[in-house]
Amino acid sequence: MNHDLTALVGRHGGDGSRLVQILREVMAVEGWISPPTITELARLLHLSRAHVEGVAGFYAFFATTPHGRFRVLFSDNVTDVMAGSHELRKRMLDSFRIELGEVSRDGLVSVGATSCTGLCDQGPALLVNGHAIARLTPARIGAITSLIRAGSPVEQWPDNLFTIDHHVERKDLLLGTELAPGAGIDAASGRGRAGTVAEIEASLLRGRGGAGFSTGAKWKACAAAPGEQRYVVCNADEGEPGTFKDRELLREWAPLVVEGMTVAGWAVGAHKGLIYLRGEYLFLLPALEALLEERRRAGLLGAGIRGVPGFDFDVEIHLGAGAYVCGEESALLESLEGKRGIPRNRPPYPVTHGYRQQPTVVNNVETLVAAALIAARGADWFRAVGTPKSAGTKIHSVSGDVARPGIYEFPFGTSIRTLLTAAGATKTQAVMVGGPSGVLVSASEFDRRVAFEDVPSAGAFMVFDDSRDVLSVLDNFAHFFAHESCGFCTPCRVGTTVQRQILGRVVAGKGSRRDVDELLQVSRLLKATSHCGLGHTAGNAVLDGLTKFRPAFDRRLSSLDVPTFDLDAALAPAREATARDDAGAHLDEEGP
Amino acid sequence: MTDTPEADATFQLDGHDVPFEPGQTILQAALAAGKYIPYLCFHREFHPHGSCKVCTVKVNGRTGASCTTPARPGDVVESETEEIRDLRRHLVQFLFTEGNHFCPSCEQSGNCTLQAVGYDLGVTTGHYVPLFPNRPLDASHPEVLLDFNRCILCELCVRASTLVDHKSVFALSGRGIDKHLVVNAESGRLADTNLAVDDKAMSVCPVGVIQRKRRGFLVPIGKRTYDERPIREVAVDREKEA
């Protein structure tokens, strides 16, 4: 089993900080990471075995117990569920006669669930051995099932299964501006390093990942921080359910992303850039690698870029392995260093102590696209669009109950109603702006505007019409946060699970008014005491739901004002012990 | 920020001036000044960890973990308010909910930081529905018993074994609510690690996970550290002695 581990580790220079990349390759070859493999990797990398086991056990795409030779993971995002993923999943499970999470007896296949795969505009979607398949239908599920049963290697499956559609529905400032390769770089080197930072500052560009920190201030702080090396990191770990704008940016607009990184590298004095690409976007990797090679050949990456002495910059791509928390910049850095993706204590911040404890700029994909264009077109060009506090445009990933799901670029300050109209939404009940960690907006608020000063957004725009059950949507989000909590801090580790449990009781019609109070209390705890943004925002949707959709909760509560107890569920162990599951072994729902 | 030279800098903790040295966090400065803030994952010999969040305070109106928040001159810190004590109470209840904690039959009762902090905060019930996780014991080692049921995931044993003992006997694996302690052996058994009874990792567990065998109940319940005196006195005295 371990015959090629030495070679694999050798290809990574025996570097323990490449552990996540190494484990990805082990998964691809062996299908799981066995105990002897962990021992051997630890020996080869001079790491403790327990450390390697800890990293292998952290990421959802790593398996430390055997999975099927075909590991199918259905996207469990709410838009996939709305599009029928659970029915399709059941069809596949029934076909293989297995339960969710179970491995077939012949070891051929296992079927599980994964968080949003970033294909919400063309769901339902799944991953098979890490490869994404979108637009699932009963027919496509049938084809996949047959291929698995035939034992055909995924690499040899028909190409049309893996096609990912483009849905760019509205272009504005960023998507509609052509840029000759190198134009941003030339303008930046013409302005000088400090001049480039000043131009970005003057543009009032703020980070597009959600927090909205001034990009210019970030670059300035990184440039000023003492260090032996500086780094530019592109955060392409687009894990927020309902967000897929970076997926599109990393295709047609990938040259702008790399150009933005190069401009940032020049501005802060970094020679190395890293793209942290979420594992779900494996299908983007070959084209991105080809682009980097092409830019090296064109003198847009490498030493002495565009003939400017000292302008040395190159880019390397790292793949994630299924961990939403790694979208948090310091957790992302830990993951880049081959560790568990645990957010760091701050201060110090990445601008002074980032990748390998060196000054590091971490920017969102969309931020870097904007930076490349600002470098070429100037701060005034950018600042002229948007609002005074939110300059420029925002790229929205619109999904759910709309006629035309896809990417929509609108100036900041555009109303939610305008977006809904553009996407062809009707009878809209609610919109989740910014994804599960964002703001749940009700119909009475559709004239509010997407901007940092009103409804901020990291890009997701999930639309729910009046046929949808808001509580089921919130229940889906609660499961998501419990699944994705890294477990570092008490409030998020336990609170997200407690939130899921209580909400589950309410959704099942077994909740009481006390449960509603408990949900308020838990979301307050999450916000006040969590370690990072994941925990801070994990109660947002439920809190918004309780505020704006209270009748939906009240309708579901049992009439009792006291904690409820599910007597029938409590009898389950007794039923199991006596091998009974007949009607007589159950309590009547209506009571005696 | 004020112009006070850093050496004589102070912040306010519940209305009292607390002096601090450059580089100290709020919790470190408070303990040094004889003021108690409840904590579980903090240990004076290690870099602040910031995971249990029981030391949460309000700094200029914003909540944060006092063990990792740097002390700054003039900051106004609230700790012993009902609001903050309520947050801490719920965090401790989360920990009781998450593990399997049966104080009356626990060898650690009276010496347990979780129990003592619970008493300090007036925790009388677990409040939430217990998760009752399945966490088998590891009794493989001839001298040491591991009872994972009591683990609060503070990582003190991980830190001590890695940084002091240089053995990395312990680490964490899994994530979220499934996060758990693992030992450095392919068998997963403590007996197959190089843990020794005089390792630092043996003495840092704030609860009762790491137990010496054949030492049970040497001190009777009722006569133990926190049976005699509340943790807020013990913790401050320990700091003075250190």
Side-chain angles (χ1 to χ4, degrees), chain A residues 34-40 42 47-60 64 323 325 340-348 481-498 500-502 505 518 521-522 524-525 527-531 535-536 563 565, chain B residues 25 40-41 47-54 56 58 62-65 67-70 83-84 86-88 90-99 127-129 131 152-155 158 161-162 167-188 193:
Chain A
S34 69
T37 298
I38 291 175
T39 305
E40 183 64 5
L47 295 168
S48 86
R49 190 191 182 282
H51 172 84
V52 178
E53 184 178 354
V55 174
F58 184 82
Y59 296 90
T64 50
V325 72
R340 294 162 59 84
I342 307 292
R344 295 175 179 170
N345 281 311
R346 283 151 300 167
F481 285 115
H483 182 255
E484 294 297 342
S485 168
C486 81
F488 174 75
C489 73
T490 309
C492 180
R493 183 178 70 243
V494 187
T496 52
T497 289
V498 167
R500 188 195 67 202
Q501 281 187 334
I502 301 174
R505 276 208 296 277
E518 291 288 292
Q521 166 71 16
V522 170
R524 189 172 70 93
L525 264 173
K527 199 176 283 268
T529 62
S530 290
H531 182 62
H536 288 149
F565 180 70
Chain B
T25 65
L40 292 170
C41 70
H47 197 72
H49 196 239
S51 63
C52 77
K53 303 296 179 192
V54 170
T56 293
K58 211 174 223 187
R62 290 187 63 168
T63 46
C67 68
T68 53
T69 305
E83 181 195 358
I84 294 297
D86 188 54
L87 290 176
R88 292 175 185 156
H90 280 278
L91 292 175
V92 168
Q93 285 169 325
F94 271 178
L95 290 168
F96 274 102
T97 299
E98 177 188 32
H127 187 82
Y128 299 98
V129 180
L131 299 180
I152 57 168
L153 305 160
C154 68
E155 290 185 54
V158 177
S161 185
T162 307
K167 290 182 175 179
S168 299
V169 168
F170 299 102
L172 292 172
S173 189
R175 79 171 187 215
I177 201 70
D178 299 321
K179 189 172 81 159
H180 58 276
L181 203 58
V182 294
V183 300
N184 192 33
E186 189 174 310
S187 64
T193 69

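Throughout, a chain's letter reflects where its sequence line sits, starting with A, and its residues are numbered from 1. In this text the structure is predicted, and so the values were computed from the model without any measurement.
Heavy atoms of A:R340 lying under 4.5 Å from chain B belong exclusively to its side chain. For chain A, no part of B:A65 is nearby; none of its heavy atoms comes within less than 4.5 Å. The parts of A:T529 that come within reach of chain B are both its backbone and its side chain, each placing non-hydrogen atoms under 4.5 angstrom from that chain. Within the 4.5 angstrom heavy-atom criterion, atoms from both the backbone and the side chain of A:E53 approach chain B. Contacts of A:A56 with chain B are absent, with no heavy-atom separation under 4.5 Å from either backbone or side chain. For B:H127, the parts lying near chain A are the backbone and the side chain together; criterion is any non-hydrogen pair under 4.5 Å. The part of A:V522 that comes within reach of chain B is its side chain, from C-beta onward, which places non-hydrogen atoms under 4.5 angstrom from that chain. No part of A:A42 comes within reach of chain B, as not one of its non-hydrogen atoms sits under 4.5 angstrom from that chain. Only the side chain of A:Q521 comes within contact range of chain B, with at least one heavy atom under 4.5 Å from a heavy atom of that chain. Only the side chain of B:L131 comes within contact range of chain A, with heavy atoms under 4.5 Å apart. Heavy atoms closer than 4.5 Å to chain B are found in both the backbone and the side chain of A:H531. In this structure, the portions of B:F94 lying under 4.5 Å from any heavy atom of chain A include both its backbone and its side chain. Contacts of B:V129 with chain A are made by both backbone and side-chain atoms, with heavy-atom separations under 4.5 Å.
Contacts with chain B were tallied for A:T39, A:I38, A:T64, A:V52; A:T39 has the most, counting heavy-atom pairs under 4.5 Å. Ranking A:C486, A:A323, A:S530 against chain B, the residue ahead of the rest is A:C486, based on heavy-atom pairs under 4.5 Å. Note on B:G176, B:A171, B:A185: by heavy-atom pairs under 4.5 Å with chain A, the leading option is B:G176.
Between the A:R493 side chain and the B:R175 main chain, no donor and acceptor come within less than 3.5 Å of each other.
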Exercise for review: Please assess B:F170 against B:V182 for the test side chain to side chain contact (heavy atoms under 4.5 Å, CB included), listing each intermediate value before the final yes or no.
Suggested key: CA-CA 6 Å; B:F170 299 102; B:V182 294; over 6 Å; no
Check your understanding: Going through the checks in order, is the side chain to side chain contact (heavy atoms under 4.5 Å, CB included) test met by B:L95 and A:T490?
Key -> CA-CA 7 Å; B:L95 290 168; A:T490 309; 3.7 Å; yes
Exercise for review: Before giving the answer on side chain to side chain contact (heavy atoms under 4.5 Å, CB included), spell out for B:T63 and B:I84 the whole-Å C-alpha distance, their side-chain angles and the decisive distance to 0.1 Å.
Suggested key: CA-CA 9 Å; B:T63 46; B:I84 294 297; 4.2 Å; yes
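For A:T496, the side chain to side chain contact (heavy atoms under 4.5 Å, CB included) criterion is met by A:F481, A:A482, A:S485, A:C492, A:L526, A:A538, not counting sequence neighbours.
Annotation for B:C41 and B:C154: closest pair CB-CB, 3.7 Å, computed over non-hydrogen atoms.
For the atom pair CD1 of A:I342 and CZ of A:F58, the computed distance is 4.5 Å after rounding to the nearest 0.5 Å.
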